[in-house]
Structure formats: C-alpha cells, structure tokens
Amino acid sequence: MERALSDRVARTIRTHELIPPGGQVTCLVSGGADSTCLWHVLRALGYRVSTVHVDHGLRGEESDEDARFCRDVLGAEIVPCDTASRGLSEAGLRAIRYRVTARAGLRATGHTASDQVETVLYRLVSSGATKGIKRKRDDGVVRPLLDVWRDDTAGYCEEHGLDYRVDSTNADTKRGLVRDEILPLLRRLHPGADRNLLALANDRPRLPRALERTLAELLGSTDGTRAADLGHGVRAVREYDAIRLDGRVEFGPWRIESMEPGLVVRTRRPGDRLAGRRKKLQDLFVDAKVPRSARDTWPVVASGDEVVAVPGVATAPGWEDAVRAWKDSD
C-alpha cells in the first residue's frame with residue numbers, strides 16, 4: 001500500500017507540476033484520513049510540510065476535538081472561523097478556508113478520486129455539466145491525491161498506525177447523500193460506475209448542449225446548402241460536405257460581417273493606409289469629417305498588414321462586397 005500510494009502521489013505531483021521538488025507546501029487538514037494521509041506522504045516524499053486547520057466550529061465539542069487533534073498530532077496552526085462560517089454551504093465553507101489561508105502560498109488539500117467521482121455525479125445531475133475538481137487552482141491550491149481513492153488513504157493510515165478523525169455529519173450533506181445512497185445504487189447497476197464517472201472529469205470541455213444539437217443537425221446530411229445560427233452573430237454554413245463559419249464582430253456601436261477568412265478588426269495604427277490607395281487613414285478621416293475624438297476608437301478591418309475597410313469611411317478596391325458594416329442606429 002505504502003509504495004503504491006506514495007508512487008502514485010509522486011507521479012501526480014511530477015506530471016502536473018503541483019509542488020516544486022523539495023518545495024514548501026502547507027497542508028490544509030481536517031484530521032480525517034485523507035488529509036492525515038496527505039500530511040504523512042508529502043513528508044515522506046521529502047517536501048517541507050506545514051499544516052493549517054480552519055476551525056469552523058459548527059459541530060460543538062466534536063469540532064473542538066478535531067482542532068485539538070490537528071494541533072497536537074499534525075502540528076497544525078489553528079485558524080478559528082466559527083462566526084464567519086454560520087449558515088454557509090459546503091462551497092461557502094471551502095471558500096473561507098481558501099481565503100483565510102491564502103497567505104500560506106502553495107497549499108495542498110486531501111481531495112481524492114472518490115471526491116472527484118462524487119463531484120462529477122453531483123454536478124451532472126444539478127447542472128448537466130461534468131466539470132471536476134481542478135488539480136491545480138489559480139490561487140495556489142493543489143490536489144495531490146486525486147489519483148488515489150478514499151479507501152487507499154484509510155488503508156495507508158492504518159498501515160502506518162496513523163490515527164484520524166471521522167466527521168459524524170458527513171452523511172447529512174449533499175456529498176454524503178451521493179456517497180452513501182446514490183453511488184451504491186449505481187454500483188449495483190454497473191461495477192465500473194466509479195471509474196466511468198471519474199473518466200468524465202478528464203474529458204475535454206464540451207460545447208453547450210443546444211449548440212451541439214444545432215451542429216449535429218447541420219452535419220446530418222451533405223445534400224445541398226444549409227445554414228444555422230450559432231448565436232452571438234456567428235453562423236455555420238454547410239455546402240455539401242464542407243462547412244464554414246461566418247462571423248459578425250461587434251465593435252462599439254458597429255456591427256461588421258464578412259465571409260472572407262483571416263480578417264481582423266482593430267483600431268488605426270501609425271502609418272496605416274487603405275490597400276490600393278495612397279492616402280493615409282488620417283487623411284481619410286479628415287475627408288469624411290470624422291471627429292478627432294472618435295478616430296482612435298474607430299474600427300479598422302485589416303487583412304494581415306493591409307487595411308481593407310474603414311466602416312462608414314472607405315473600402316479598398318475589390319473589397320466592396322466582402323465586408324459589410326453598420327451601426328446599431330442604422
């Protein structure tokens with residue numbers, strides 16, 4: 001157990017660059033098997049480990065015992081947050097823990113593959129999404145145990161004679177409902193339920209369902225020409241077995257459309273001239289009586305380094321039918 005678990009954790013840390021070799025990391029510990037295992041295995045792997053326990057004080061004497069255990073056994077600094085924690089959801093409590101420990105810099109939590117499965121399943125039924133727990137958050141929180149299961153961390157603690165705390169309220173949470181009632185039923189349907197749900201967390205993000213349906217209908221046939229609105233001014237056009245995206249750019253009050261690939265919309269740059277014309281854009285703005293105050297924010301359509309259109313002012317020869325622009329008030 002020890003070698004297999006520590007190897008998996010070391011591989012996860014190395015593959016995803018979670019902690020620098022021999023680096024300093026703060027474990028956020030609850031006293032449970034997962035965070036106790038995390039504390040022990042990171043020390044065994046040679047990292048410089050400190051610990052913090054955020055005491056929400058929501059379970060009276062049991063919370064006090066958790067804090068004492070973390071302080072006396074795991075050497076944790078205790079951060080009391082009982083007043084700020086009242087009435088908050090699990091997500092709200094987690095946000096508090098991350099906020100009050102931000103000064104510690106790089107922090108590790110004991111989330112496991114089991115937590116990942118429960119998260120994916122809950123998000124699937126509550127929002128239709130399969131977004132999982134991130135291995136590495138932007139705020140310096142990492143999850144080195146996401147490739148090991150909850151049974152593994154408990155087994156690790158038992159093999160090493162590590163005591164740990166058991167939260168008696170876990171069963172009363174949404175996560176507890178998923179863990180104790182829903183997942184056992186899914187395992188009766190299929191023994192691979194956990195691993196199949198875990199695989200969803202590693203899939204690439206999918207398109208919104210409505211957009212997927214629209215594209216599936218569009219690609220369902222190769223006969224003739226068909227178009228579909230994808231929203232936000234973007235349209236997909238299928239001509240026989242080829243498909244292209246036609247876009248509309250919103251630039252201030254302007255709406256600009258083109259079927260030509262590779263065009264960009266920007267503001268003017270020093271030395272800009274209209275393709276095929278000798279006049280600089282500055283002179284075109286003067287001729288068109290564009291107010292000086294509006295010139296630096298006026299849209300310019302370019303193909304590479306060439307300006308092909310200045311909406312409402314001028315269009316380069318040969319581009320008259322390629323770019324269409326209008327204002328909201330037009």
> Can you list every pair that meets side-chain hydrogen bond (donor to acceptor under 3.5 Å, both in side chains) and has a residue in residues 300-319, with sequence neighbours left out?
none
> List for me each residue that meets ring pair (Phe, Tyr, Trp, His ring centres under 6.0 Å) alongside His111, sequence neighbours excluded, and say none if there are none.
none
> Do you know which two heavy atoms are closest between Gly31 and Phe69, and how far apart they sit?
O-CE2, 3.6 Å
> Of the non-hydrogen atoms in Tyr164 and Ala154, which two are nearest, and what is the gap between them?
OH-CB, 4.1 Å
> Atom CZ of residue position Arg269 - does it have more than 12 heavy atoms of other residues, nucleotides or ligands inside 6.0 Å?
no
> When you look at Glu62 and Arg165, which way does the side-chain contact (heavy atoms from CB on, under 4.5 Å) test go after all the steps?
CA-CA 10 Å; Glu62 190 173 347; Arg165 300 282 297 167; 3.8 Å; yes
> For residues 183-192, pull every pair meeting salt bridge (charged side-chain N to carboxylate O under 4.0 Å, His left out), keeping only residues two or more places apart or in separate chains.
Arg187-Asp194
> In this structure, are over 12 heavy atoms from other groups packed under 6.0 Å from Tyr98 atom OH?
yes
> My understanding is that only one of Cys81, Cys70, Pro80 makes a side-chain contact (heavy atoms from CB on, under 4.5 Å) with Val54; could you say which?
Cys81
> List the atom pairs, with distances to 0.1 Å, where a side-chain N or O of residues 275-286 and a protein N or O form a donor-acceptor pair under 3.5 Å, not counting sequence neighbours.
unit_1 : atom_1 : unit_2 : atom_2 : d
Lys279 : NZ     : Asp287 : OD2    : 2.3
Gln282 : OE1    : Arg268 : NH1    : 2.9

> Got more than 12 heavy atoms from elsewhere within 6.0 Å of CZ, Arg266?
yes
> Sequence neighbours left out, what passes salt bridge (charged side-chain N to carboxylate O under 4.0 Å, His left out) with Glu320? Give chain and number order.
none
> Not counting sequence neighbours, list each pair that qualifies as a salt bridge (charged side-chain N to carboxylate O under 4.0 Å, His left out) and has a residue in residues 113-133.
Asp115-Arg150, Asp115-Arg175, Glu118-Arg150, Glu118-Arg175, Glu118-Arg179
